[in-house]
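Since we're looking at a predicted model, the values are computed, not measured. As a basis for the values below, the full set of heavy atoms in this structure was taken, side chains included, without hydrogen atoms, waters or symmetry mates.
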Amino acid sequence: MSAMIIKSREANDLKLTAYHGHFATRHSHNSHYLDITRMKHECAMANIAAASLANHYVYEKEIDTVVCLDGSEVIGTFLARQLSQKNLFSLSSEKNICVVAPEHDSNGLLIFRDNLRPMVSEKNVLLLISTVNSGKTAARALECIEYYGGTTQGVAAVFSALKQVGDIPVISLFSPEDIPGYVTSLVKDCPMCKAGQKIDALSNSYGFSPLT
């Protein structure tokens, strides 16, 4: 597998490593695995990512809670801080914004325990997700937020192959246009499978496991 370093159009200090190959996830097959480990776990880079995303919401949306998926809580915490900074024109200025992550139950459904429900119910929610490919994970999260009585104000992502999930626009730091040759598809439609190309690795938000 070859790799390349990609800079974000939002900020030159934001970078990810794109590995080229045939990667299988639960919902899709992708031509690249996008390693955003540093953005998710390094405070300095997570803060830059959060500031870039916050610029799209701070003057447009009032946010009470950031719901984080795929281990994006560090970015989510900085995002809450950016949105709640004292600013005359910020709609969330000086708010005590909550940062929460749903839990998967034994059936794989997303749930919030009773102690977290008040942070979502009747709140303006910003959904933060590491990557959006097929959109199925994001769609399930939106359903979960709606079920618990929250109102989703936006979907923010480090990378998104989609411009929107349902009728909600996705704001992302990276898009397929930034990754030369990037292809994502449902398993049944995968052009690499149809061409007889073997799967190189299984991947998810935690990383990838080579099969050879």
Side-chain angles (χ1 to χ4, degrees), residues 1-11 14-42 45-46 48-49 52-53 56 67-76 101-102 104 108-110 127-144 154-212:
M1 290 178 284
S2 60
M4 67 181 84
I5 303 297
I6 306 294
K7 291 184 178 181
S8 172
R9 61 191 180 282
E10 294 278 336
L14 293 177
K15 302 174 184 177
L16 58 75
T17 302
Y19 293 89
H20 183 257
H22 186 180
F23 297 90
T25 73
R26 177 182 293 184
H27 301 303
S28 64
H29 281 198
N30 307 309
S31 61
H32 293 74
Y33 172 76
L34 307 179
D35 186 354
I36 58 174
T37 303
R38 293 183 60 195
M39 240 175 292
K40 290 167 64 175
H41 299 289
E42 289 184 5
M45 192 169 288
I48 296 170
S52 298
L53 290 171
H56 295 275
V67 170
C68 301
L69 294 185
D70 298 339
S72 60
E73 288 91 339
V74 177
I75 299 174
H104 287 83
L109 298 176
L110 296 175
L127 175 62
L128 175 64
I129 185 169
S130 296
T131 58
V132 178
N133 279 306
S134 69
K136 288 188 176 181
T137 300
R140 287 171 57 205
L142 295 179
E143 291 175 357
C144 175
V155 177
V158 175
F159 171 86
S160 180
L162 304 178
K163 299 295 184 183
Q164 62 183 52
V165 177
D167 58 355
I168 300 178
V170 179
I171 300 297
S172 66
L173 302 173
F174 296 87
S175 72
E177 288 74 22
D178 301 315
I179 319 294
Y182 184 85
V183 175
T184 183
S185 60
L186 298 177
V187 177
K188 65 182 180 63
D189 300 323
C190 177
M192 292 175 285
C193 288
K194 292 179 179 179
Q197 182 179 341
K198 292 184 178 180
I199 295 173
D200 294 306
L202 304 178
S203 63
N204 59 21
S205 60
Y206 297 100
F208 66 85
S209 300
L211 296 181
T212 57

Query - Selection residues 197-208 - residue pairs positive for salt bridge (Lys or Arg N to Asp or Glu O under 4.0 Å), sequence neighbours left out - result: none

Query raised in the report: Listed by chain and number, what are the side chain to side chain donor-acceptor pair (under 3.5 Å) partners of E42, not counting sequence neighbours?
Result: R38

Report task. List in chain and number order the residues that pass side-chain contact (heavy atoms from CB on, under 4.5 Å) with P191, two or more places apart in sequence or in another chain; answer none if no residue qualifies. Result -> V183, S185

Query raised in the report: For residues 168-180, which residue pairs qualify under salt bridge (Lys or Arg N to Asp or Glu O under 4.0 Å), counting only residues two or more places apart or in two chains?
Result: R9-D178

Requested in this report: Output all residues satisfying ring pair (Phe, Tyr, Trp, His ring centres under 6.0 Å) with Y19, sequence neighbours left out; order by chain, then residue number.
Outcome: F208

Query raised in the report: Side chain of H22, backbone of Q197: donor and acceptor closer than 3.5 Å?
Result: yes

Query raised in the report: How far apart are the closest heavy atoms of L127 and A138, and which atoms are they?
Result: CD2-O, 3.9 Å

Report task. Specify the closest pair of heavy atoms between M4 and P180, including all atoms of both residues, with the distance to one decimal. Result -> SD-CD, 3.9 Å

Report task. Check step by step if side-chain contact (heavy atoms from CB on, under 4.5 Å) holds for F174 and L16. Result -> CA-CA 9 Å; F174 296 87; L16 58 75; 3.6 Å; yes

Query raised in the report: Below 4.5 Å, heavy atoms only, C-beta onward: do N133 and H27 meet side chain to side chain?
Result: no

Requested in this report: Identify, with sequence neighbours excluded, every residue that meets side-chain contact (heavy atoms from CB on, under 4.5 Å) alongside C144.
Outcome: L110, F112, Y148

Query raised in the report: Can you name the side chain to side chain donor-acceptor pair (under 3.5 Å) partners of T37, sequence neighbours left out?
Result: D35

Requested in this report: Please confirm whether the backbone N or O of L173 pairs with a side-chain atom of S8, one donor and one acceptor, at under 3.5 Å?
Outcome: yes

**Report entry** Pairing residues for E10 by the side chain to side chain donor-acceptor pair (under 3.5 Å) criterion, not counting sequence neighbours
**Finding:** H56

Report summary line: The ring pair (Phe, Tyr, Trp, His ring centres under 6.0 Å) partners of H32 (sequence neighbours excluded) come to H20, Y182

**Report entry** Non-hydrogen side-chain atoms of S172 and V132 separated by less than 4.5 Å
**Finding:** no

Requested in this report: Taking S130 for its side chain and D70 for its backbone only, find out whether a donor-acceptor pair lies under 3.5 Å.
Outcome: yes

Query raised in the report: How would you list, by chain and number, every residue that makes a side chain to side chain donor-acceptor pair (under 3.5 Å) with T184, sequence neighbours excluded?
Result: N30

Query raised in the report: What residues form a side-chain contact (heavy atoms from CB on, under 4.5 Å) with V74, not counting sequence neighbours?
Result: A46, F78

Query raised in the report: What distance separates S52 OG from I75 CD1, expressed to the nearest 0.5 Å?
Result: 10.5 Å

Report task. Check whether any side-chain heavy atom of H29 lies under 4.5 Å from a side-chain heavy atom of I199, and answer yes or no. Result -> yes

